[in-house]
Undergrad: 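Mind looking over this structure? Questions follow.
Positions are given from 1 along the sequence. Source: prediction; values computed, not measured.
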Amino acid sequence: MYETFYNIRKIYYFILAITGVPVNLVAILILSRGKCSLSTCTTRYLVAMATADLLVIITEITLWRISYYYFPGSFLRITPVCSVMVVLVRAVTDCSVWFTVTFSFDRFVAICCQKLKTKYCTEKTAAVVLTTTGILLCLKNVPFYFVYEPGWIMDSVPWDCTVKPSCFTDPRWVGFGWFDKVLIPLLPFTLILLFNSLTVRHILVASRVRKGLRGQSTGENHSDPEMESRRKSVILLFSISGSFILLWLVYVIEFLYYIITGVNPSNYNDSEYIFQQVGYMLLNLSCCTNTFIYGATQCKFREQVKSVVKYPVTSIIQLMNKQSK
């Protein structure tokens, strides 16, 4: 059973690596062009999210997991390099998660807080929020470099990363561990659910009010550009945040199980271990889904994808026509 699941994960992460890099690069390229009929503020957040997801695919999937499965003796397993990799993986994963939170908050302000919208929902504010969030999350993960010690030493070279026993007893490390778990994923999970709930409530109330003012409650039919714009914004918001919640749900359940039962993950039985690893597999999958969400919910994005795909073919045809003349 374990060997079968090991082979499944090995294939799964390979597919994720070769898929995740191009889809996120396409998303970054298309969104950066600013031709998807999205506000510059929204575009900033989406580009940042795609960039963070791309970095997760490169560090977590390609450099960490692929090297583990296919190149087990690579230099990435030397303890100092391994420790740096852990810091990088945690930092970019945290950025991927919290950029989703900041995007959800930005859309909440844009839809529910009209007075604050003009000041907060700007390209400059988005840049400041994303930069500050990224720097703080990188600094927050630096202590993880000092958490590990060598698993073994071969020819005076330390290999692998094993958590130091003091990290389980030292109050400072224990407190830092709880802070890390609250920051990822409990607080983001709670905030996204909160922002989305408040947004839904506001939209329902505003919709009833606008229908009454526009005479739709009496059976008249009028187009409402404002509500249509909000509808498109909400579809994008809920698709992204809903996908995040679903794909992180197994990981959150496993974390709550660990808290309630107090079972050390290193002592999990086969079923518990598989459940834990499925959680990791799904949360890594969340770094590949946003591009498909953009394509499903944004017609302008689909048009840009088609133009990007057609461009090489069109260029080759034009070049051949010139040479034939």
Side-chain angles (χ1 to χ4, degrees), residues 1-28 49-97 99 134 137-138 140-164 167 177 180 184-185 247-248 250-251 254-255 265-266 268 270 273-291:
M1 181 179 179
Y2 176 82
E3 184 176 353
T4 302
F5 185 65
Y6 176 88
N7 291 328
I8 291 173
R9 281 188 298 159
K10 187 176 180 179
I11 297 171
Y12 173 84
Y13 284 118
F14 177 76
I15 295 173
L16 211 59
I18 62 175
T19 304
V21 172
V23 298
N24 281 298
L25 283 174
V26 167
I28 294 170
M49 290 161 60
T51 303
D53 289 344
L54 175 63
L55 292 176
V56 172
I57 296 296
I58 293 173
T59 57
E60 164 81 1
I61 308 301
T62 306
L63 295 180
W64 188 249
R65 295 192 180 273
I66 295 297
S67 68
Y68 170 77
Y69 287 117
Y70 294 94
F71 310 100
S74 73
F75 76 98
L76 294 174
R77 293 293 157 178
I78 298 175
T79 302
V81 179
C82 175
S83 299
V84 171
M85 284 299 302
V86 170
V87 173
L88 290 176
V89 168
R90 285 182 170 273
V92 295
T93 301
D94 288 3
C95 287
S96 177
V97 172
F99 287 171
L137 290 173
C138 289
K140 166 257 177 186
N141 284 287
V142 170
F144 279 107
Y145 180 85
F146 306 98
V147 167
Y148 299 97
E149 63 182 8
W152 69 88
I153 297 178
M154 182 183 297
D155 298 329
S156 301
V157 178
W159 288 90
D160 212 356
C161 287
T162 303
V163 178
K164 296 177 181 178
C167 293
D180 177 64
I184 301 289
L247 293 175
W248 276 76
V250 174
Y251 177 84
E254 187 274 330
F255 171 66
S266 61
Y268 277 175
D270 286 348
Y273 174 77
I274 290 175
F275 188 81
Q276 178 197 49
Q277 293 303 314
V278 167
Y280 288 125
M281 292 166 70
L282 290 176
L283 68 87
N284 285 319
L285 178 62
S286 68
C287 295
C288 300
T289 56
N290 282 350
T291 302

Undergrad: For F71, I'd like to know if atom CZ has over 12 heavy atoms of other residues, nucleotides or ligands within 6.0 Å.
TA: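 It does not: F71 CZ has 12 such atoms or fewer within range.
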
Undergrad: Mark yes or no for whether K164, through its side chain, and F146, through its backbone, hold a donor-acceptor pair below 3.5 Å.
TA: yes

Undergrad: How close do I153 and P158 get, heavy atom to heavy atom, and via which atoms?
TA: CG1-CA, 4.2 Å

Undergrad: I need the full list of side-chain hydrogen bond (donor to acceptor under 3.5 Å, both in side chains) pairs touching residues 147-163, with sequence neighbours left out, sorted by first then second residue.
TA: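 For residues 147-163, and leaving out neighbouring residues, there are no side-chain hydrogen bond (donor to acceptor under 3.5 Å, both in side chains) pairs at all.
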
Undergrad: Hey, does F144 have a side-chain heavy atom less than 4.5 Å from the side chain of S83?
TA: no

Undergrad: If only atom types and distance count, is the side chain of Y251 paired as donor or acceptor with the main-chain N or O of L282 below 3.5 Å?
TA: no

Undergrad: Can you name the nearest heavy-atom pair linking P265 to Q276, along with the distance?
TA: CB-NE2, 3.6 Å

Undergrad: Measure from the side-chain N and O atoms of S286 to the backbone N and O of L283, and report whether any donor-acceptor pair falls under 3.5 Å.
TA: yes

Undergrad: Over all heavy atoms of both residues, which pair between V56 and N284 is shortest? Give the atoms and the distance, please.
TA: CG1-OD1, 4.4 Å

Undergrad: Identify the heavy atoms of V84 and Y145 that sit nearest to each other, and give their distance.
TA: CG2-CE1, 3.6 Å

Undergrad: Could you tell me whether a side-chain N or O of N24 sits under 3.5 Å from a main-chain N or O of C287, the two making a donor and an acceptor?
TA: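 It does hold such a pair.
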
Undergrad: Between V92 and L88, does the side-chain contact (heavy atoms from CB on, under 4.5 Å) criterion hold? Intermediate values first, please.
TA: CA-CA 6 Å; V92 295; L88 290 176; 5.6 Å; no

Undergrad: How about Y68: does its OH atom have over 12 heavy atoms from other parts shown lying under 6.0 Å from it?
TA: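 Check fails, neighbour count at 12 or below.
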
Undergrad: Find the distance between CZ (R9) and CG (L16) and round it off to the nearest 0.5 Å.
TA: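 One finds 13.5 Å between CZ of R9 and CG of L16.
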
Undergrad: Do side-chain atoms of S67 reach the backbone of W64 as a donor and acceptor pair under 3.5 angstrom?
TA: yes

Undergrad: So, using side-chain contact (heavy atoms from CB on, under 4.5 Å) as the criterion, who are the partners of L137 when residues are at least two apart?
TA: D94, C95, W98, T133, L183

Undergrad: Can you tell me how far apart CG (N290) and CE (M49) are? Round to the nearest 0.5 Å.
TA: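 Those atoms lie 4.5 Å apart.
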
Undergrad: To check you understand the geometry: which heavy-atom pair defines the closest contact between A17 and I66, and what is its length?
TA: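 Of all heavy-atom pairs spanning A17 and I66, the closest is CB-CG1, 4.3 Å.
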
Undergrad: When you look at Y69 and F14, which way does the side-chain contact (heavy atoms from CB on, under 4.5 Å) test go after all the steps?
TA: CA-CA 9 Å; Y69 287 117; F14 177 76; over 6 Å; no

Undergrad: Rounded to the nearest 0.5 Å, how far apart are CH2 of W248 and CG of L285?
TA: 12.5 Å

Undergrad: So, for A91 and N141, which heavy atoms are closest and what is the spacing to 0.1 Å?
TA: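 Heavy atoms of A91 and N141 come nearest at CA-ND2, 3.5 Å.
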
Undergrad: Apply side-chain contact (heavy atoms from CB on, under 4.5 Å) to residues Y280 and Y13 and explain how you reach the verdict.
TA: CA-CA 11 Å; Y280 288 125; Y13 284 118; 4.1 Å; yes

Undergrad: If you round to the nearest 0.5 Å, how far is CG of L63 from CE of M85?
TA: 4.5 Å

Undergrad: Quick check for you: to the nearest 0.5 Å, what is the distance between D53 atom CG and I28 atom CD1?
TA: 8.5 Å

Undergrad: Look at atom CZ of F5 and say whether more than 12 heavy atoms of other residues, nucleotides or ligands are closer to it than 6.0 Å.
TA: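 More than 12 heavy atoms, drawn from other residues, nucleotides or ligands, come within 6.0 Å of this atom.
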
Undergrad: For I15, enumerate each residue passing the side-chain contact (heavy atoms from CB on, under 4.5 Å) test, keeping only those at least two apart in sequence or located in another chain.
TA: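 Applying side-chain contact (heavy atoms from CB on, under 4.5 Å) to I15 gives I11, T19.
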
Undergrad: Distance check, rounded to the nearest 0.5 Å: I8 atom CD1 versus M281 atom CE?
TA: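 That separation rounds to 7.0 Å.
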
Undergrad: Would you find more than 12 non-hydrogen atoms of other residues, nucleotides or ligands less than 6.0 Å from Y12 atom OH?
TA: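 Enclosed: over 12 neighbouring heavy atoms sit under 6.0 Å from OH of Y12.
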
Undergrad: For R90 and D180, what are the C-alpha separation, side-chain angles and deciding distance, and is it a side-chain contact (heavy atoms from CB on, under 4.5 Å)?
TA: CA-CA 10 Å; R90 285 182 170 273; D180 177 64; 3.1 Å; yes

